[in-house]
Amino acid sequence: MSKYLVTSALPYANGAIHFGHVVGAYLPADVYVRTLRRLGEEVHFICGTDEHGVAITIGADKEGVSYSEYVARWRGEIEATFAAFGIEFDLFSGTSTSPRHAEFSLEFFERLRDGGYLQKQTSEQLYCKSCDLFLADRYVIGGCPECGYEHARGDECPKCGAWLDPLKLISPTCKICGEEPERRDTTHFFLDLPKLRDEAVGEWFNSKDWKPNVDAFVRRLLEDVHSRPITRDMRWGVELPSELVDGEEGKVLYVWFDAPIGYVSMTAEWTAQQGDPEGWRRWWQDPETRLVHFIGKDNIPFHTLVFPSMLHGVGEDEEGRRFVLPWQVPANEFYNLEGGKFSTSEGRTIPPSEFVERYDTEVARFHLITSMPETSDSEWRWREFQATANAGLADTIGNLVTRVLRFLDKHFEGVVPEIDEAHRERLEGLLLEECGEIRDPAVHIKDFHFRKGAEQLLANAAVANVFIDRTAPWKLRKTDPTEAASVLGTCCHYLAWIAHWMTPFMPGKAQALWEMLGQRGDVAALPWPGTPSRDTWQLLTPGQGFGEIAGLFDKLDDEQIQVEIEKLEASSPTS
RNA sequence: GGCGGUGUAGCUCAGCUGGUUAGAGCGCAGAACUCAUAAUUCUGAAGUCACUGGUUCAAGUCCAGUCACCGCUACCA
């Protein structure tokens, strides 16, 4: 048995998340964790909002609320979305509130400094007096020195595409307040990534098997690594005491540095809640731990290079303990929307808060998994969602359930029938070996092949439909009722398997089916059954009465879907 | 500009280190069946694997170039 520490990318607390985020970093992690738990693995699943950084201060200032209020509100919004989609973390916290976050972050800083992995560097930057802020490149507007375009950004001219140095902009202004910034020297600490790469991280990366999309990207990245600054001049962030930074005042850790440390501090927050404040070490400093980061592709450099470098660079503590490096980083690509990008500002989005009022989020979970950008960019299409809901779930699984249970309800006694010994062996052979290949979806999920796992669930359900067609119990009922009952009894047991297989993808539906079969208790609390064999496939007790028989999945009609498509087209006439 | 990715049946996508007639789901056509949410099952049609050239006994799968779309380009998170 292994120990899995699973994280999802920390969402930035300055806006709502959309399907692209959900499908990229959160839903697959949730499915993965549910699967591991059912396989009996010890798993810890954490997440929280990333709450520092200049973008948040600007957003909060614009609304005239405090940073912490602003952050708390978005955190609430984001958490509500996760709750609606059944994404359940052991702990969901935030980098500005997790009790030991500052402590851990400063410790990382100090140990990296002591290890010789930080260098000081002074440079001239643009500083806005009225905002009291050193301006990031993109917050400076000015004339392009190349083409003269007046509204070039500090990092790039949108007109001629030139790559700019903000100090060279002609009459620069602050994008936030419009004032003219001044030049000022500032000193920052840089993380020596090239050194860390050469010492250990490069070798570590090359020693592991990565998803192809991760591998190709990072190999190139490794060839051309530069030191990166990890401090900033501002108020909102993990404040660096001046004695830690050679007397420099007013420095905070740059947000990307402290954010991943949030994984550590939130683990500690969780173990403290469990009554074991130092229990986080069992996870982060045990070589047996499998650290798995679920992220979108925009986060690949941080989780395969920067954060591993930090984890390595802090070295051993006084008791010889080291941090583990990531075991796997199953990054997904980007998820688009009907041929275009998700864009909240342009209204090209599906607000989760509205979606949940009209649609079944369990069905959405399943569809998102079947369409997730596992190997390359993919997209949400309403017609595809409809097809998954109708042809995939309602017709294949939902209808299978009712065709079996209603039949039994009508013509037999509405209970799990006894399987007659005269027929048992032939029927189980037919079902298990001749009606299609039955495979374990969990095997695919463990390998991070989520789409395949979801497809396998449907394929497994289809096996029962073939079985019923071949045995034709509606005919047998008239000629040999005992055999008909045996056929349907066989089906009942198999429905229990389907309920099991559904749990990682659609936990609520799985439980509903479980109860329809007259079972009590939480199906997800039982051990994962794997695949049925001739010795193990009977899961139910004959004579067991059913719960209320109802359709498991509703169908989506064309008109409803058409409305959604038109709504999108209205918001983006060009695409 | 630099780097990377993608381009495979009408649609959405699989195809690891090159090897028999290129796959899945949906959609479509035909048939069977009637227990079931008009569901199910079977059969079938459909692809010059973006284009050009090259390496090889053999390339969707490797190399070069072209075209199209997308992403990244680091003090943005």
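Labels below follow one simple rule: chain letters A, B, ... track the order of the sequence lines, proteins then strands, and each chain is numbered from 1.
Note: CD (A:Glu338) to C1' (B:C69) measures 18 Å, nearest angstrom.
No hydrogens or angles considered: nothing links the side chains of A:Glu564 and A:Gln560 as a donor-acceptor pair under 3.5 Å. Using a 3.5 Å distance cut-off with no hydrogens or angles, the side chains of A:Gln456 and A:Arg451 do not pair a donor with an acceptor. With no hydrogens or angles considered, a side-chain donor-acceptor pair links A:Thr388 and A:His367 at under 3.5 Å. Side chains of A:His101 and A:Thr95: a donor-acceptor N/O pair is absent below 3.5 angstrom, by distance only. For the residue pair A:Tyr263 / A:His303, a side-chain donor-acceptor distance below 3.5 Å is found, with atom types taken as modelled. Under 3.5 Å, the side chains of A:Lys208 and A:Thr304 contain no donor-acceptor pair of N or O atoms.
A:Glu333 comes within contact range of no nucleotide atom at all, as no heavy-atom separation falls under 4.0 Å. If you check every strand for non-hydrogen atoms under 4.0 Å, A:Asp50 touches sugar and phosphate atoms only. Nucleic acid contact class of A:Pro229 (heavy atoms, under 4.0 Å, all strands): base. Among the heavy atoms of the strands, none lies under 4.0 Å from A:Phe134. A:His188 comes within 4.0 angstrom of nothing in the nucleic acid, heavy atoms only. Looking at heavy-atom distances under 4.0 Å, A:Arg451 makes contact with sugar-phosphate atoms alone, never a base.
Among the nucleotides B:G27, B:U6, B:C35, the one closest to any side-chain atom of A:Ser376 is B:U6. Distances from the side chain of A:Asn465 to the nucleotides B:C26, B:U40, B:C13 place B:U40 closest. Here the nucleotide nearest the side chain of A:Trp474, chosen from B:A74, B:U37, B:U34, is B:U34. When the nucleotides B:U12, B:A77, B:C13 are ranked by their closest atom to the side chain of A:Ser378, B:C13 comes out on top. Taking every side-chain heavy atom of A:Lys410 into account, B:A36 is the closest of B:A14, B:A36, B:G71. For A:Trp256, the side-chain atoms get nearest to B:A77 when compared with the rest of B:A77, B:G25, B:C13. Side-chain atoms of A:Ala394 lie closest to B:U37 of the nucleotides B:C13, B:U37, B:U41. Candidate nucleotides B:G25, B:A77, B:C75 were compared by shortest atom distance to the side chain of A:Val54, and B:A77 ranks first. Set against B:U37, B:U41, B:A77, the side chain of A:Lys555 has B:U37 as its closest nucleotide.
In RNA chain B, consecutive stretches of 3 or more Watson-Crick or G-U wobble pairs with both distances under 3.5 Å are given as paired ranges: B:1-7 with B:67-73, B:10-13 with B:23-26, B:28-32 with B:40-44, B:50-54 with B:62-66.
Taking for each of A:Gly53 and A:Glu455 the nucleotide of RNA chain B with the nearest heavy atom, the 5'-most of the two is the partner of A:Glu455. The nearest heavy atom of RNA chain B to A:Arg383 and to A:Lys297 marks one nucleotide each, and the one closer to the 5' end goes with A:Arg383.
Phosphate proximity of B:A77 to A:Tyr254: present, with a side-chain N or O under 4.0 Å from OP1 or OP2. Proximity of A:Lys475 to the phosphate of B:C33: no side-chain N or O atom is located under 4.0 Å from OP1 or OP2. In terms of phosphate contacts, A:Arg381 brings a side-chain nitrogen or oxygen within less than 4.0 Å of OP1 or OP2 of B:U12. Of the side-chain N and O atoms in A:Thr396, none sit less than 4.0 angstrom from OP1 or OP2 of B:G25.
No more than 12 heavy atoms of other residues, nucleotides or ligands sit less than 6.0 Å from atom CG of A:Asp209. Annotation for A:Glu413: atom CD does not count as buried by contact number, only 12 or fewer foreign heavy atoms lying within 6.0 Å.
The aromatic rings of A:Trp210 and A:Phe205 sit parallel to each other, their planes meeting at less than 30°, with 60° as the upper class boundary. Below 30°, between 30° and 60°, or above 60°: for A:Phe412 and A:Phe407 the angle between ring planes is below 30°, a parallel geometry. Ring pair A:Trp74/A:Tyr70 is perpendicular by interplanar angle, where above 60° counts as perpendicular and below 30° as parallel. Ring-plane geometry between A:Phe342 and A:Phe19 is classed as tilted, the angle between the planes lying from 30 to 60 degrees on a 0 to 90 degree scale.
Atom name P, nucleotides B:C72 and B:A77: the rounded distance is 15 Å, in whole Å. Separation of the P atoms belonging to B:U20 and B:C62 is 15 Å when rounded to the nearest angstrom. Nucleotides B:G54 and B:U61 place their P atoms 14 Å apart, quoted to the nearest Å. Of the C1' atoms belonging to B:G19 and B:A58, the separation is 6 Å, rounded to the nearest Å. Distance noted for atom P between B:G47 and B:G10: 8 Å (whole Å). To the nearest whole angstrom, the two P atoms, one in B:G5 and one in B:G15, are 15 Å apart. Between the P atoms of B:G60 and B:U66, the separation comes to 22 Å (whole Å). Between B:U55 and B:U73, the distance separating the two C1' atoms is 34 Å to the nearest Å.
A salt bridge links A:Lys509 with A:Asp360: the closest approach of a Lys/Arg side-chain nitrogen to an acidic carboxylate oxygen falls below 4.0 angstrom.
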Between the protein and nucleotides 15-18 of chain B, list every N/O to N/O distance that falls short of 3.5 Å.
none

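Taking every heavy atom of residues 397-408 of chain A and every atom of RNA chain B, pairs under 4.0 Å involve A:Gly398, A:Asn399, A:Thr402, A:Arg403, A:Arg406, A:Phe407, by number.
For the residue pair A:Ile261 and A:Phe307, the shortest heavy atom distance occurs at N-CE1, 4.1 Å.
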